[in-house]
2 protein chains.
Amino acid sequence: MEKILLVDDEQDILEFIGYNLSKEGYEVITSSNGKEAIKIAQKENPDLIILDVMMPEMDGIEACLELRKIEKLKDTLIIFLSARGEDYSQVAGFDAGADDYISKPIKPRLLVSRVKAILRRKGSSQEEAIDEEGAIRIDREKYLVYKEGEEYSFPKKEFELLALLISKPGKVFTREVILDSVWGGEVVVGDRTIDVHVRKLREKLGDQYIKTIKGVGYKFEA
Amino acid sequence: MEKILLVDDEQDILEFIGYNLSKEGYEVITSSNGKEAIKIAQKENPDLIILDVMMPEMDGIEACLELRKIEKLKDTLIIFLSARGEDYSQVAGFDAGADDYISKPIKPRLLVSRVKAILRRKGSSQEEAIDEEGAIRIDREKYLVYKEGEEYSFPKKEFELLALLISKPGKVFTREVILDSVWGGEVVVGDRTIDVHVRKLREKLGDQYIKTIKGVGYKFEA
DNA sequence: ACATCGTGTTAAGAAAATATTAACAGACAT
DNA sequence: ATGTCTGTTAATATTTTCTTAACACGATGT
């Protein structure tokens, strides 16, 4: 279960966001100010920290800068919450090392989908970081595929398919799972569609990376 | 520790603001009139000067103009303090070279967060100035875009869009994120609106900077 | 050898997403 | 008021991506 640290000086917002995230199965810890949040973060080691930009005493940006100084929290994901879409704080947010931000007023659905997206990104980017040798690497944030130092831009479906296969090298993904994950449950497309996308990937990456397991599915191998 | 020079003819206000800033760890010097303030500023070289607009003898705007004439104080930050509703002073203040503006009655939290924000901005703008490359740079304070030494003034939405994209070069921003950030959460505008603004940016900057990732979003690349 | 099954390959066309242009309304300044 | 600048939209064009159909190929079992 993923742990999320939520920091805002307004109790209402803590409750509102907290409720929505708990409902989705996340473990939520809260704090009402930046200083306290840093202490809690060090103790609890959350997967994600959601920080309000505007807070008394120590605001979100400052807190973020502090958090980034702490070695073990360097890679912790940070999302900013900001009052409006147009102020300086947003940009400064990225300068300070934030990974995403959400503007108020907060819509539950949007919030949840952002949180999911960013946590998924973390999961895969960590695995990617490990295999630094001659193989293939992907960067979800930049939406790029790297092969031997070169970077390539892939169409969405190809990218998602590769991302799925590469997320667990060696594991065989059945056609059913692939369809479900890349195309989404409801969409119905023919079986050849997967083949064609696999072919395009092989064309771009080379045949050796994606292996066919007849009657079962496909897998990625370094 | 950052040094702040506080100038107001009312003793109460000097104490009140002084207390709140000291508590945050700033070194506070005070002065009760414009002429004296200028002398002190030259001697003390503060990082930030907070000037009341309404003062006997030499008012804040006049003092500000004088300060701007002094070479070594050209880049010192100045915040104006003025009574509510004094619209004139706000405009005149910025003309005179102020960096921000706070209206009375003063709320400690707001004051502190403004002060922090503006000092931070100074810090970061210095860093930004360093990376002068062939690419694009923006100055949020001046609301200007620089390309190969030339400076351009962009309309608000275009500026905000560029600022967002440039805030994390390489990162793909989805339409959802862009709308949320540049237009704000509640506002509902069509998807084509983003395209049009992207087009305007490309027209001004050149096509190579903003890249489209179909089905995903846009990104800025140096 | 032949039939069958699962997958590979290709190119064409459909579908989706974005680009472009022009027109219009509102803000703003003169 | 008048003209300029900005932001938005609609309509249309263009581009890229996706999907499909048709056929090829190889493995397997008879």
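Letters A, B, ... are given to chains in the order of the sequence lines, protein chains preceding strands, and every chain is numbered from 1.
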Outermost DNA chain C nucleotides near chain A [under 4.0 Å, heavy atoms]: dG6(C) to dT10(C)

In chain order, what residues pass the side chain to side chain donor-acceptor pair (under 3.5 Å) check against [X], with sequence neighbours excluded?
{"X": "Thr193(B)", "answer": "none"}
{"X": "Glu66(B)", "answer": "Lys69(B)"}
{"X": "Glu158(B)", "answer": "Lys204(B)"}

Could you give the side-chain donor-acceptor pairs of residues 214-222 of chain A under 3.5 Å, partners two or more places apart or in another chain?
unit_1	atom_1	unit_2	atom_2	d
Tyr218(A)	OH	Arg175(A)	NH2	3.1
Tyr218(A)	OH	Asp195(A)	OD1	3.4
Lys219(A)	NZ	Glu221(A)	OE2	3.3
Glu221(A)	OE1	Lys211(A)	NZ	2.6

Comparing Gly215(A) and Thr212(B) on DNA chain C - which has the more 5′ nearest nucleotide: Gly215(A)

Residue mapping more 5' on DNA chain C - nearest nucleotide basis, Ile213(B) or Glu203(A): Glu203(A)

Set of residues satisfying ring pair (Phe, Tyr, Trp, His ring centres under 6.0 Å) with respect to Tyr143(A), sequence neighbours excluded: Phe159(A)

Residue list, ring pair (Phe, Tyr, Trp, His ring centres under 6.0 Å) with Phe154(B), at least two apart or on another chain: none

Tyr143(B) OH to dT6(D) P, straight-line distance once rounded to whole Å: 11 Å

Distance in angstrom units between Arg199(B) CZ and dT12(D) P, rounded: 18 Å

Footprint string (nucleotides 16-30 of chain D, 5' to 3'): B base within contact, S backbone only, - free, heavy atoms under 4.0 Å: SSBBB-B---B----

Arg202(A) and Thr212(A): side chain donor to acceptor below 3.5 Å: yes

Output a table of donor-acceptor pairs, distance under 3.5 Å, between side-chain atoms of residues 11-27 of chain A and any protein atom two or more places apart or on a different chain; print 'none' if there are none.
unit_1	atom_1	unit_2	atom_2	d
Asn20(A)	ND2	Phe16(A)	O	2.8
Ser22(A)	OG	Gly18(A)	O	2.7
Glu24(A)	OE1	Lys116(A)	NZ	3.3

Sugar-phosphate only, base, or nothing, as touched by Tyr218(B) at under 4.0 Å among non-hydrogen atoms: sugar-phosphate

